[in-house]
Amino acid sequence: MTSRDRTVPAGLDRRKSSTLHYQTFPTTPPTSRGPPPASPSGSSGREDNPARHPSHTNDVDDEYQRSPLPTRQLAILAVIALAEQTALNSIWPYLPTMVSTFPEVDKSSVGVYVGTIASSFALAQFATNFFWGWLSDRIGRKPVVMLGTVLTAACFVAFGFCKTLWQAILVQAAMGLVNGNQGVVSTCLGEITDRSNQSKAFVYLPVIYGIGGITGPALGGLLVMRNKSYPFLLPNIVSAGILLVDLVITGIFLEESLQQAKELPPLQERIQSLFSWAWQFLGSARRPSYLRSYYPPRFRNEDLDDSETDNESESQSLLSMPDLFPHNGNHLTGKEILNRNTMLLLGTYLIFQLSNISFNSLYPIFANSQPPTGRALDASEIGLSLSFAGIITIVFQVAIFGRLKEKMGNKRTYRAGLFLIFLSMMMMPWIGYRDSPAPFGWGSGGVWLWIELGFVLLVKTVASVGGLTSALLLITNSAPNHSVLGTLNGLAQTLSAAGRAVGPFLSGGLFTLSTRVQPKGEALAWGVFGGIAFLGWIASFGIKGERLEDTEFDDGNRSSDDEEDASSEDSQ
């Protein structure tokens with residue numbers, strides 16, 4: 001028992017609260033500075049336990065007004081996401097040229113080695129993303145974001161000095177190991193919002209990624225210095241500088257969103273305590289200062305002999321760590337965390353990411369390859385088509401997606417995303433050639449090539465952006481409480497990294513095989529991954545639960561399946 005337990009009278013640490021129970025998690029309100037929704041009339045202000053009264057939360061939910069958006073914290077998270085995406089995307093324009101300068105690389109195999117470097121980053125993220133999410137549940141979101149940012153900046157500096165293939169692979173692997181901020185940013189968004197306003201917050205996250213997909217390549221492509229000893233150093237130094245500016249902004253303005261961590265001393269004090277603890281623990285100090293909180297003054301020296309103190313020192317040394325890290329009283333079993341919904345969500349999310357990444361990998365190869373397997377587009381035409389997709393991403397998210405999701409809900413929007421990815425993959429191999437006869441005798445084969453290609457890219461972009469946003473919302477709402485939200489998001493990002501690591505290899509190999517199949521060999525690769533997306537779409541119908549939806553998804557829009565989900569939840 002700690003000194004706090006002895007000094008605080010019983011009952012005072014369990015004060016009555018008049019704070020409303022918000023809807024993302026029944027037990028914890030969003031940690032934003034904005035005022036809570038207006039209290040419904042007749043509210044008793046009594047703090048009920050939602051675990052014991054599940055129906056109480058559902059009854060009150062309908063009376064809540066929309067919570068105001070924490071715009072300041074959303075802006076800081078947007079800066080973090082944009083800085084990181086700009087830095088990470090800055091590598092791709094010069095990476096093939098960089099790889100071709102390595103002495104051990106055969107010029108004809110540049111593509112293979114570029115894929116190897118990209119996969120080393122994704123595989124490293126696969127190994128550690130779950131750890132970063134778990135760690136953020138233990139020490140807070142802000143320390144993990146700051147640590148990941150500064151280590152990623154150091155890796156960018158090292159990447160600029162790479163002169164061999166193995167150096168580049170190792171540095172990219174190290175960058176993947178220390179980079180887990182994407183999942184933590186999603187976790188922060190889930191904690192500072194509730195189900196009444198989370199759609200407005202999450203809808204802009206893919207927009208930020210889309211902007212980073214424009215600013216990053218521009219930075220990387222323009223800053224390469226030709227005829228220098230280290231021609232690729234400058235874009236990496238600038239990327240590291242952007243991350244360091246992001247680090248300062250995070251340290252000053254980002255508020256900790258993990259409630260347990262907010263009760264701890266300031267971060268600098270915890271760091272000092274950590275060094276003090278390590279020094280005394282490793283030095284086997286006889287009366288270490290980290291034991292002082294465990295003994296009241298009257299017991300520290302007089303009533304405890306040396307043997308008792310030494311024994312207690314051994315047993316309590318690690319127990320002093322709650323002074324440095326938050327104590328999480330919500331002990332959930334693995335079955336409670338990885339329930340049926342979360343398992344289906346994570347499984348279909350892996351399929352979604354695998355299909356999405358495979359499309360992104362297949363498209364440039366397919367577009368650039370010569371007929372009959374490919375469509376013979378040059379690099380500038382491929383870049384133009386991808387820019388078109390980027391513009392569609394921003395327009396769709398800002399102008400259309402929010403209203404569409406209010407009508408369809410998270411689950412149906414997610415299912416639609418999987419189905420549209422399936423459709424886009426099945427349509428892609430049937431796009432015509434430049435010299436194909438014009439349908440209906442209007443225009444030319446080249447014109448129809450661009451019309452058909454633009455339509456397929458439009459369908460795929462809407463599917464990937466809408467599906468990703470809905471998946472993040474579903475994963476956030478499926479978490480039992482905030483104490484495991486970081487872990488779930490870390491696991492989701494781990495599966496995303498697995499898709500990014502496996503997708504390029506499988507899709508590239510299948511397309512190489514498809515060149516030997518005639519006719520319509522290109523349908524082999526597109527059809528395989530389209531079939532995988534179709535299986536994910538079928539599995540997504542097993543995702544149930546009314547609480548996975550936002551409050552913006554009103555009762556009039558709910559289907560009979562949603563009503564069955566609600567009744568089954570109430571019966572449980």
Side-chain angles (χ1 to χ4, degrees), residues 96 107-112 114-115 118-119 351-389 392 416-464 467 499-500 502-538:
K107 304 298 183 183
S108 62
S109 304
V110 169
V112 175
V114 169
S119 293
I351 292 176
F352 176 86
Q353 289 288 49
L354 176 62
S355 303
N356 187 44
I357 295 300
S358 298
F359 187 105
N360 295 341
S361 301
L362 273 173
Y363 171 66
I365 304 173
F366 164 77
N368 185 250
S369 298
Q370 295 300 313
T373 308
R375 297 301 182 266
L377 301 183
D378 59 32
S380 62
E381 291 173 322
I382 296 173
L384 180 63
S385 65
L386 292 176
S387 297
F388 167 76
I392 292 299
L418 281 164
F419 186 72
L420 289 178
I421 285 183
F422 156 70
L423 284 183
S424 64
M425 286 190 165
M426 300 308 292
M427 288 188 293
M428 185 62 83
W430 301 101
I431 289 176
Y433 302 89
R434 292 184 189 273
D435 56 356
S436 298
F440 314 111
W442 178 85
S444 63
V447 172
W448 280 98
L449 166 65
W450 282 106
I451 293 174
E452 295 166 1
L453 185 62
F455 178 76
V456 174
L457 288 177
L458 173 64
V459 172
K460 187 267 173 185
T461 300
V462 168
S464 60
R500 284 185 283 114
V502 174
F505 278 118
L506 292 181
S507 59
L510 278 174
F511 192 82
T512 300
L513 181 62
S514 67
T515 59
R516 305 170 187 173
V517 178
Q518 295 299 332
K520 300 303 295 182
E522 63 269 31
L524 174 63
W526 290 110
V528 167
F529 286 102
I532 292 174
F534 184 77
L535 293 177
W537 173 67
I538 293 176

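In terms of heavy atoms, Ala525 sits closest to Leu362 at CB-CD2, 3.9 Å. Minimum interatomic distance between Asn360 and Lys460 (heavy atoms only, all atoms of both residues): OD1-NZ, 2.7 Å. Taking both residues in full, the closest heavy atoms of Gly521 and Ser514 are given as O-CB, 2.8 Å, listed atom of the first, atom of the second, then distance. What you find for Ser358 and Phe529 is that their closest heavy atoms are OG-CE2, 3.1 Å. For the pair Ser355 and Ile532, the tightest heavy-atom approach, listed with the atom from each and the gap, is OG-CG2, 4.1 Å. Val459 and Ser424 get closest at one heavy-atom pair: CG1-CB, 4.2 Å.
To the nearest 0.5 Å, the span separating OG1 on Thr515 from CD on Gln370 amounts to 12.5 Å. We find the CZ-CE distance between Arg375 and Met428 to be 9.5 Å, quoted to the nearest 0.5 Å. Note that CG of Leu457 is 7.0 Å distant from CZ of Phe388, once rounded to the nearest 0.5 Å. Atom-to-atom distance recorded for Phe422:CZ and Leu420:CG is 10.5 Å, nearest 0.5 angstrom. Interatomic distance, CG of Leu449 versus OG of Ser436, reported as 8.0 Å (0.5 Å rounding). Between atom OG1 of residue Thr373 and atom CG of residue Leu524 there is a gap of 10.5 Å, rounded to the nearest 0.5 Å.
Listed by first then second residue, pairs satisfying salt bridge (Lys or Arg N to Asp or Glu O under 4.0 Å) with a partner in residues 353-366 number zero, not counting sequence neighbours. Counting only residues at least two apart or on different chains, the salt bridge (Lys or Arg N to Asp or Glu O under 4.0 Å) pairs with a member in residues 423-446 are Glu381-Arg434.
Lys520 has its side chain within reach of Trp430: a pair of non-hydrogen atoms, C-beta onward, lies under 4.5 Å apart. Using a 4.5 Å cut-off on side-chain heavy atoms (C-beta onward), Phe359 and Ile421 make no contact. Put simply, the side chain of Val456 does not reach to within 4.5 Å of the side chain of Met425, judged on heavy atoms. Here the side chains of Met426 and Phe534 are not in contact, with every heavy-atom distance at 4.5 Å or above.
In this structure, Tyr433 contributes its side chain and Gly445 its backbone to no donor-acceptor pair below 3.5 Å. In terms of modelled atom types and a separation under 3.5 Å, the side chain of Thr461 and the main chain of Leu458 share no donor-acceptor contact. Put simply, the side chain of Trp448 gets close to the backbone of Trp442: a donor and an acceptor are under 3.5 Å apart.
Scored by the ring-ring contact (aromatic ring centres under 6.0 Å, His included) test, Phe511 finds no partners at all (sequence neighbours excluded).
Centroid-to-centroid, the aromatic rings of Phe366 and Tyr363 stay 6.0 Å apart or farther.
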Leu377 and Leu453: CA distance, side-chain angles, deciding distance, side chain to side chain contact (heavy atoms under 4.5 Å, CB included) verdict
CA-CA 11 Å; Leu377 301 183; Leu453 185 62; 3.8 Å; yes

